[in-house]
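Notes follow once the structure below has been shown.
Residue numbering restarts at 1 for every chain, and letters A, B, ... go by the order of the sequence lines. Note that the structure is a prediction, hence the values are computed from the model and not measured. Note that these values count all heavy atoms, side chains included, but never hydrogens, waters or copies made by symmetry.
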Amino acid sequence: MSETEPTRYDFAAAEPYWQAQWQQQACFRVEDHPRDGRPKYYVLEMFPYPSGKIHMGHVRNYTLGDVVARYKRARGFAVLHPMGWDAFGLPAENAARENNADPAEWTYQNIANMRAELQRMGFSLDWSREFATCDVEYYGQQQKLFLDFWREGLVERRAANVNWDPVDMTVLANEQVIDGRGWRSGALVEKKKLSQWFFKITDYAQDLLDGLKRLDRWPERVKLMQENWIGHSQGAEVVFPLAEPVEGMASVAVYTTRPDTLFGMSFLAVAAEHPLAQAVAKTNPQAAAFIAECASQGTSEAVIEAAEKRGFDTGLRVVNPITGQSHPVWIANFVLMEYGTGAIFGCPCADQRDLDFARKYHLPVPVVVSPAKDSAPEVKDQALDGEGYIVNSGFLSGLTTKEANTRIIAELERRGAGRAVQNWRLRDWGISRQRYWGCPIPVIHCEACGPQPVPEDQLPVVLPRDVSFDRPGNPLDHHPSWRHVNCPACGRPALRETDTFDTFVDSSWYFARFTAPRAPTPTDRAAADFWLPVDQYVGGIEHAILHLLYSRFFTRAMRKTGHVAIDEPFAGLFTQGMVTHESYRDAQGRWLYPDEVIRTAEGAMHKKTGAPVTVGRVEKMSKSKRNTVDPGAIVARFGADTARWFVLSDNPPERDVEWTETGVQGAYRFLQRLARIGEEVARTGPGEASDAPAARKLRQMTHRAIEAVTQALEGFAFNLAVARLYELLNAIAAAGEAPELAAARFEAMESLVRLAAPLVPHLAEHLFTRLRPQAGLLANQDWPVADPALLAVDEVTVAVQVNGKLRGTIRLPPGADANHAIPLAKEAVAGAIGGQSIVKQIYVPDRIVNFVVKP
RNA sequence: GCGGGCGUGGUGGAACUGGUAGACGCGCUGGACUCAAAAUCCAGUUCCGGCAACGGAGUGUCGGUUCGAUUCCGACCGCCCGCACCA
């Protein structure tokens, strides 16, 4: 190394050193019941599944949360920032089946690896609170919660048509079926009837909907997605008497949002699973065949073929309670048993599906809606499903569709033929899973007494370790002794429930457990009341519905059972974008890892063979596309701060970020430059204060940066904070070594270091100890405060326009009045105005002067 | 189909309630230092014309409101996300 070469900042030594210092001084530790009077702030990132390695998504997620945590700590908050593991789930079982691994061992080993990786990133976490959901101390408390919920009537056991994932061999909740496929396996989901445990989330449908309005620090689109998912609709139930009863059924109830179109009825249609359809099938083989066909089509084909409307005329007739007319009853494949009453009345003129159906089977299409008053338009292939006026409808004719809606419901109620009802798309949450690696459902089934809760003194129900995976299905079913117990009610031999909870249950309350992770009850009320709700939750948009909705339900259920005092768990939510990368394929179409590829000016080639490589789309990092970058390798090569700086710097955190080699290099260069200049400033020392204009200018720059970075961090605009920090460093570098700038330069550098601390904490500590050797850890320091006197500006640049086009600028004291500004402005653009006359002049102080001129 | 979002240089993106479009980074170009390279430093970089001063155009397209529109309104085009035979 030559003498002129600046000393390089050795992150590989510095980062572990500062991590050890933070650890020793317990900088990030908080009490369950703090007494120091600081206001609380709870920052939480969605906890990871322990797959074995952290990925770039984790790095981004936890860096974002860590910036908030460190910033809020510096602002004087007692910050709760915990970490744990969403540790139950299928991959551990798959490892057991494929590699003969013990799921528990496999999981805890993965946790150990990932913990080390996270710690190497320097996140300001309170590791004393760590737990995994597969710890018996955690899932045992979860069993208590379940039993409390049961006692409160929030749990139900019923036989239900469930979504069965044939690959994972388990039940899926509606929320876990995406386009007819399992959210995890991607297998086509089948319908199956099973006895299942349910959480009655629908009891809270209205409340979960209403609660969204109060979540003012949630992204609009997440709230919207939840709103759509809950799917509230206002309508009416109408009862249609059957002309002749079938198997004791005298009528069919129908749900509709358009009772105003009742006069336009053409037919009635029921779902294949509807009791009436089933009854008809008993005596009518053709109907039975049609129903069987619908069932075999199932979820899968229906999705793919999208909507060939088919039906079967049962020959039955119903009477319209309003018009008295008789209509045929059909079984139709587009009517869903799960929604409404499983039956509809068909009004083809006002509903596209009904119209398609009517055209196909040559059913009448009476026109009862018109976009204009007193006209009856023709209906061909396009239904009139908008608002408008009712026509050809007796006492409803002439009313708007809205008025008619109110009117007809009143009439239905008067005649006892129907009533106003509301409907929800949200279904109860099925939580039974036929899996081993999950929290056992604490229930004992007795032939005589039915399902019984496991008594308090027999909790927790511990998952047995001595299981074998040599057969398909749930190993708990094959365990020789575990399931055999006595009934807690009658004492006779009984069987344990062998299903375990959906792992979404585990993640529905972990945020509450973090407030007192060692408490002998699910929560410690004092701790929970102090720390909850989570002030800032950070995670991926992919959890916008499932996890967040379940957590919101759980919080309400926990309030009802006395475990918490709140109903909304997450006061603030931030959903970050994905980490993406280019993908590469060789000539044979095989995916290549980024570090197997060299980018050249012309394209890309294989590092070893030099063979040409096709550069594909930039997309989410995924193992299958091999477009992943291992955080461990990046940290080893560039350091944790570089990785942190990079994921924060390029674009807004809510958007996707593309990981690029050049971007990382840039981040690394900046940090080295900061280190070098920081060391220089530290060597020069604080210097003598000076009131030279250049010094004042630099000080103003510093204090504006303090103000701007603070604003940026408050608003999650970390990319803007980064830009302001770049500017400040450039200003420091430009100030050079002039003695009269020494003090201002020192102040600027110290401020820069403090402002950068939440983003790149290790380097910031390193430079802070150089600048302020006596001051202790930067992690314990307060946030810098901008001096208002230095934020004030002495002069502003005001744009001067002629006819809205920029023609010059003038310098003015802030808030200058028009008498002062206008003449100066006129002078500045005299050439552009020339001989033209000024028709109008606009002056917005500190902003703009605009002259409107005419020749 | 329904609901929502987004279109700005070569590129990621700035631009507070309408008021100098392109902050900051990356990349690129030229230069300095070096035997050379890396690193570093300096200068330039929306496009068109011009040596320059300067002029013209410009925020997906078309139109509107306004003294003034990336920002507000309408239509269209493109991309992304969520939901979906939901009655």
Side-chain angles (χ1 to χ4, degrees), chain A residues 2 4-6 8 178-179 219-229 231-233 235-236 254-259 261 269 271 302-303 305-309 332-336 338-347 350-354 356-357 385 423-425 541-542 544-545 601 645-646 649-652 654-658 660-667 669-670 672-673 676 708 711 715 717 719-730 733 797-809 831 839-853:
Chain A
S2 71
T4 49
E5 182 152 309
R8 286 224 170 176
I178 295 145
D179 292 337
E220 279 306 318
R221 64 174 179 145
V222 173
K223 288 192 276 186
L224 212 65
M225 281 159 75
Q226 294 224 345
E227 198 180 309
N228 289 339
W229 191 266
H232 182 234
S233 91
V254 150
Y255 174 73
T256 177
T257 55
R258 292 297 302 276
T261 62
V303 169
E305 265 186 282
E308 166 75 8
K309 295 198 180 16
N333 67 341
F334 67 90
V335 181
L336 305 175
E338 299 86 52
Y339 189 79
T341 60
I344 61 155
F345 84 84
C347 174
D351 184 288
Q352 193 59 49
R353 283 161 317 176
D354 295 351
D356 295 345
F357 191 79
D385 48 12
N423 225 312
W424 304 90
R425 192 184 163 280
I541 187 75
E542 66 272 21
I545 297 173
W645 185 261
F646 176 76
S649 62
D650 239 16
N651 50 6
E654 66 273 17
R655 283 194 222 173
D656 292 352
V657 63
E658 187 191 348
T660 62
E661 178 72 17
T662 52
V664 178
Q665 302 271 7
R669 271 209 306 276
F670 169 78
Q672 288 294 336
R673 180 165 177 249
R676 189 162 36 77
Q711 287 302 316
N719 55 322
L720 297 188
V722 164
R724 296 289 87 83
L725 293 174
Y726 268 108
E727 273 176 349
L728 187 54
L729 183 63
N730 289 343
T797 306
V798 172
V800 185
Q801 299 182 334
V802 176
N803 285 346
K805 285 196 188 291
L806 183 71
R807 286 292 180 259
T809 59
V839 184
K840 192 172 176 183
Q841 49 197 27
I842 293 110
Y843 173 53
V844 182
D846 302 344
R847 295 257 180 212
I848 206 157
V849 181
N850 188 11
F851 295 108
V852 185
V853 300

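Following rounding to the nearest Å, A:Q226 (CD) and B:G82 (C1') show an atom-to-atom distance of 12 Å. Separating the CD atom of A:E654 from the P atom of B:C6 is a distance of 11 Å, rounded to the nearest angstrom. Per the geometry, CD1 belonging to A:I344 stands 14 Å off P belonging to B:C85, to the nearest Å. Here the P atom of nucleotide B:G55 and the CG atom of A:L806 are 10 Å apart, to the nearest Å. A:R673 places its CZ atom 8 Å from the P atom of B:G25, with the value rounded to the nearest Å. Whole-Å rounding puts the A:Q665 CD to B:G12 C1' distance at 17 Å. The CD1 atom of A:I541 sits 14 Å away from the C1' atom of B:C83 (whole-angstrom rounding).
Using a 4.0 Å heavy-atom distance criterion, A:D354 is classed as making no nucleic acid contact. A:R655 comes within 4.0 angstrom of sugar-phosphate atoms only, judged by non-hydrogen atoms across all strands, and of no base. Looking at heavy-atom distances under 4.0 Å, A:Q801 makes contact with a base. Using a 4.0 Å heavy-atom distance criterion, A:T797 is classed as a base contact. At the heavy-atom level, A:Y255 lies under 4.0 Å from base atoms of the strands shown. Residue contacts for A:N850: at a heavy-atom cut-off of 4.0 Å it reaches a base atom on one of the strands shown. Counting non-hydrogen atoms under 4.0 angstrom, A:V335 reaches a base of the nucleic acid. Backbone-only engagement by A:L224 is indicated by non-hydrogen atom pairs under 4.0 Å involving sugar-phosphate atoms exclusively. Residue contacts for A:S649: at a heavy-atom cut-off of 4.0 Å it reaches no nucleic acid atom on any strand shown. A:V852 comes within 4.0 angstrom of the backbone, heavy atoms only, and of no base.
Residue side chain A:R353 does not reach the base of B:C2 through any donor-acceptor N/O pair under 3.5 Å, judged by distance alone. Judged by atom type and distance alone, A:K840 does not reach the base of B:C67 through any side-chain donor-acceptor pair under 3.5 Å.
Across the interface with RNA chain B, nearest-nucleotide mapping of A:K805 and A:E658 shows A:E658 to be the residue nearer the 5′ end. If A:I848 and A:N803 are placed on RNA chain B by their nearest nucleotide, the residue sitting closer to the 5' end is A:I848.
Both distances falling under 3.5 Å, in either a Watson-Crick or a G-U wobble arrangement, occur for no nucleotide opposite B:A23. Figure legend. B:U29 is base-paired to B:A43; pairs are counted as Watson-Crick or G-U wobble with both atom distances under 3.5 Å. In this structure, B:U71 forms no base pair with any nucleotide, since neither Watson-Crick nor G-U wobble geometry is met with both distances under 3.5 Å. Taking a pair to require two hydrogen-bonding distances under 3.5 Å in either a Watson-Crick or a G-U wobble arrangement, B:G55 pairs with B:C48. The partner of B:C6 is B:G78, judged by Watson-Crick or G-U wobble contacts that both fall below 3.5 Å. B:C83 is paired with B:G1 under the Watson-Crick or G-U wobble criterion, all donor-acceptor distances under 3.5 Å.
The side chain of A:N228 lies closest to B:G3, out of B:G25, B:G3, B:C81. Distances were taken from every side-chain heavy atom of A:L720 (C-beta onward) to each of B:G12, B:A15, B:G82; the shortest belongs to B:A15. With distances taken from any side-chain atom of A:Y339 to the nucleotides B:G27, B:A87, B:U20, the minimum falls on B:A87. Comparing B:C83, B:G12, B:A23 against the side chain of A:I545 picks out B:C83 as the nearest. The side chain of A:N651 lies closest to B:G13 when the candidates are B:G25, B:C16, B:G13. Looking at the side chain of A:R676, the nearest of the listed nucleotides B:G13, B:U40, B:G56 is B:U40. The listed nucleotides are B:C85, B:U20, B:A23; the one nearest the side chain of A:E727 is B:A23. Listed nucleotides B:C85, B:A23, B:G19 differ in distance to A:V844; the shortest reach to its side chain belongs to B:G19. Considering only the side chain of A:A723, B:C24 comes nearest among B:C26, B:G12, B:C24.
Nucleotides B:G68 and B:A21 are separated by 14 Å at their P atoms, to the nearest Å. Comparing the same atom, P, in B:G10 and in B:G5 gives a spacing of 29 Å after rounding to whole Å. Comparing the P positions of B:U59 and B:G19 gives an interatomic distance of 16 Å, to the nearest angstrom. Separation of the P atoms belonging to B:A57 and B:A69 is 13 Å when rounded to the nearest angstrom. Here, B:G7 and B:A87 have their C1' atoms 37 Å apart, quoted to the whole Å. When the P atom is used for both B:G31 and B:A38, the distance is 14 Å, rounded to whole Å. The gap from the C1' atom of B:G27 to that of B:G12 amounts to 11 Å, rounded to the nearest Å. B:G50 and B:A39: their P atoms are spaced 36 Å apart (whole Å).
Heavy atoms only, all atoms of each residue included: A:A799 and A:T809 are closest at CA-CG2, 4.3 Å. Among all heavy-atom pairs drawn from A:A544 and A:V222, the shortest one is O-CG1, 3.8 Å.
A:R353 is listed as a side-chain neighbour of A:K309, based on a closest heavy-atom distance under 4.5 Å.
Taking the six-membered ring where the residue is Trp, A:Y339 and A:Y255 present perpendicular rings, their angle passing 60° and hence far from 30°.
Between the side chains of A:N719 and A:R655, no donor-acceptor pair is found at a separation under 3.5 Å.
OP1 or OP2 of B:G3 has not a single side-chain nitrogen or oxygen of A:R425 nearer than 4.0 Å. Proximity of A:N719 to the phosphate of B:A14: a side-chain N or O atom is located under 4.0 Å from OP1 or OP2. Look at A:R669 and you'll find a side-chain N or O under 4.0 angstrom from OP1 or OP2 of B:C26.
Note that CG of A:L336 and OG1 of A:T341 are 11.0 Å apart. Values are rounded to the nearest 0.5 Å.
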